[in-house]
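Down below is the structure, laid out as structure tokens.
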There are 2 protein chains.
Amino acid sequence: MNNDPRISAATKQRVQELAQQMNYQPNHLAAGLRKGKSKLLGVIVPFIDGRFFAAVIKGIELAASQAGFNIIICQSNEEVGHERQNIETLLSAQVEGVLVSLSRTTHDFAHFEKVQQRGIPLVFFDRILLGTEVNAVLLDDYAGGFLSTEHLIEQGCRRIGHFAGPQHLGIYKNRRQGYLDALQKHGLPALDNLIVYCNTMTVDTGRQAMQQLLRLPERPDAVFSSSDAAVAGALQVVEEHGLQVPEDVALTGFSNEMFTSLTKPMLTSVDQRCEQMGEAAVQLFLQLRQEKKGSATQHHVVLEPELRVRASSLRRG
Amino acid sequence: MNNDPRISAATKQRVQELAQQMNYQPNHLAAGLRKGKSKLLGVIVPFIDGRFFAAVIKGIELAASQAGFNIIICQSNEEVGHERQNIETLLSAQVEGVLVSLSRTTHDFAHFEKVQQRGIPLVFFDRILLGTEVNAVLLDDYAGGFLSTEHLIEQGCRRIGHFAGPQHLGIYKNRRQGYLDALQKHGLPALDNLIVYCNTMTVDTGRQAMQQLLRLPERPDAVFSSSDAAVAGALQVVEEHGLQVPEDVALTGFSNEMFTSLTKPMLTSVDQRCEQMGEAAVQLFLQLRQEKKGSATQHHVVLEPELRVRASSLRRG
DNA sequence: GTGAAAGCGCTAACAT
DNA sequence: ATGTTAGCGCTTTCAC
């Protein structure tokens, strides 16, 4: 009889002692079975290493444990198949909610409908399928792209290149759109050959992309990259060509990775507020759990990014 | 009746179909309750962001899911108090095993005895309390320190400094001992003022430590740092003093962080085989679960580190 | 105030 | 070859 206000303090005392003696340990699973609750929260990420998702998970774990939830983490390894299996795993673990960041290869929504059918709150974060109506916590990637590009324009850059990621993912599409709109706002032309589409955003693809841009008859005087790793590669290539950063080519990246302060010059980047994203996702889950009836409403939480200006883009001052 | 070999295929078929129709979902928790199993594996790490633990967890998740286990992750945030609470959480989640990397502030073993008393396999990884007999997966940090230092000696360095971490943690103590023994093997004196003890291993403490070493009447011609972040700070300071890396001061770090390939010059470092460590920890857990009776035996799995030589320590060739 | 009983969804052992 | 039953450890309800 758990903490019943009717019970006398004396009896409680006696029970407590006995329990201690017998080394008793409550079984939450059994409790959960009875109440139909598990206090388990499922999380699916494409991968867990890498700063972004690790930091988001840190935020999730923090907020979840405050609300008395434990988290179960699964990785999709960027494969839809895995993702589908993760869903099964989580459902049979009786999670009370699912937080997902989509794999790169996910193009349809079918496996998530099962979750919704069972009335389990489903919250997406960061990566979301375009054209679906879901509850989600997102970074305003558009603003990130816009801010970054406008900053470069303010620094006097006029031929600004862009490393774009896979366009079926909203995040990359929005970063690119922010870039385009900033150019337009300032009356600069958007030139197709200044945009390089990369499948993966690694140091190596950044190197290749930069080489491609430097081969142009008129080379760019700046690059806004959708990823920090790629811009780090670009930095290497620029210097290998005997050019200076930021004087000849100014650079900005995305994610505010730890290493952006370790390169020379340090890299300007967009901070994604990873931990807040994790916390916000949990908050949204808790909120959905309360409502539960009016599932018609669709919630979007949008976090504002912050431009961290460092030497790689600073031409004046 | 689950996959009973006695049942006819036809009936199975019929049941399957009906189940599908009713949208049936097995409840693992209930099954677990009955069988006294939860297929849950608890993991406690000091923190989850940062490459090392993220990568180990990746390894754990991989191996665990192959064995049909889900993992529950908790963070101690480097505080014993949290760690104690994490243990409670995991026990009441009915985990079948616990994998732990100790918090920096853990000095006693009491809260783990509870786990052992309940007969739940307990595996430590990377961070272990000195002087305790436990099952553990460890990196041979001693070998890492030795290899690193000997490499610097082979490069012609004679006054080799060391950034040492908190010595109550075996990992840092062993790295330092490897350093000392390598010096001795090659007939070099171990000078107290060349060892800087750092509480935390950050870029900033690395900067301070390097400043301290450069203030010495005879400055070192190399530094072996117990951390990559600290050696990145050291690199900055060396160059700020107008000295060259590796010509004037050669540098090596520890962890083989991603950014070691992004600095200029690139940083030599010791690879910790993070993912293997995670996998090995799960293997050890599975093994312990089989034995269960002869819990007297104590297992240690030791992984060998690998020196990744890069420009920051290469004086010849 | 306190104890007894029913049942959450499943599996194991037993009876048909 | 199939149906039935008794719990796993807890909470909730209801009777004492």
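Just so we're on the same page: letters track the sequence lines, and every chain starts at 1.
- Taking the salt bridge (Lys or Arg N to Asp or Glu O under 4.0 Å) definition, one finds that B:K114 meets it with B:E88, sequence neighbours left out.
- Phosphate contact (OP1/OP2 of C:dG1, side-chain N/O of A:T11, threshold under 4.0 Å): absent.
- With sequence neighbours left out, A:F47 forms a ring pair (Phe, Tyr, Trp, His ring centres under 6.0 Å) with A:F53.
- At a non-hydrogen distance threshold of 4.0 Å, A:L33, A:R34 from residues 30-38 of chain A come into contact with DNA chain C.
- Legend: ring-ring contact (aromatic ring centres under 6.0 Å, His included) pairs involving residues 56-91 of chain A, not counting sequence neighbours, sorted by first then second residue: A:F69-A:F285.
- Under the rule for a salt bridge (Lys or Arg N to Asp or Glu O under 4.0 Å), the partners of B:R104 that lie at least two apart in sequence or sit in another chain are B:E78.
- Partners of B:E275 under the salt bridge (Lys or Arg N to Asp or Glu O under 4.0 Å) rule, at least two apart in sequence or in another chain, do not exist in this structure.
- A heavy atom closer than 4.0 Å to some atom of DNA chain D occurs in A:Y24, A:Q25, A:P26, A:N27, these being the qualifying members of residues 17-29 of chain A.
- Listed by first and then second residue, the salt bridge (charged side-chain N to carboxylate O under 4.0 Å, His left out) pairs involving residues 115-124 of chain A amount to none (not counting sequence neighbours).
- If you take CZ of B:R14 and P of D:dA1, they are 15 Å apart, rounded to a whole angstrom.
- Every salt bridge (Lys or Arg N to Asp or Glu O under 4.0 Å) that B:D141 has, sequence neighbours left out, goes to B:R175.
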For residues 15-36 of chain B, please give each side-chain donor-acceptor pair under 3.5 Å, one per line with the distance, not counting sequence neighbours.
residue, atom, partner, partner atom, Å
B:N23, ND2, A:Q117, OE1, 3.1
B:N27, OD1, B:L29, N, 2.9
B:N27, OD1, B:A30, N, 3.1

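- Residue pairs meeting the side chain to side chain donor-acceptor pair (under 3.5 Å) criterion with at least one member in residues 48-63 of chain A, sequence neighbours excluded: A:D49-B:K58, A:K58-B:D49, A:E61-B:Q75.
- Each end of the helix from C:dG1-D:dC16 to C:dT16-D:dA1 gets its own axis from five base pairs, and the two axes differ in direction by 50°, given to 10 degrees.
- A salt bridge does not link B:K39 to B:E96: none of the charged nitrogens lies less than 4.0 Å from a carboxylate oxygen.
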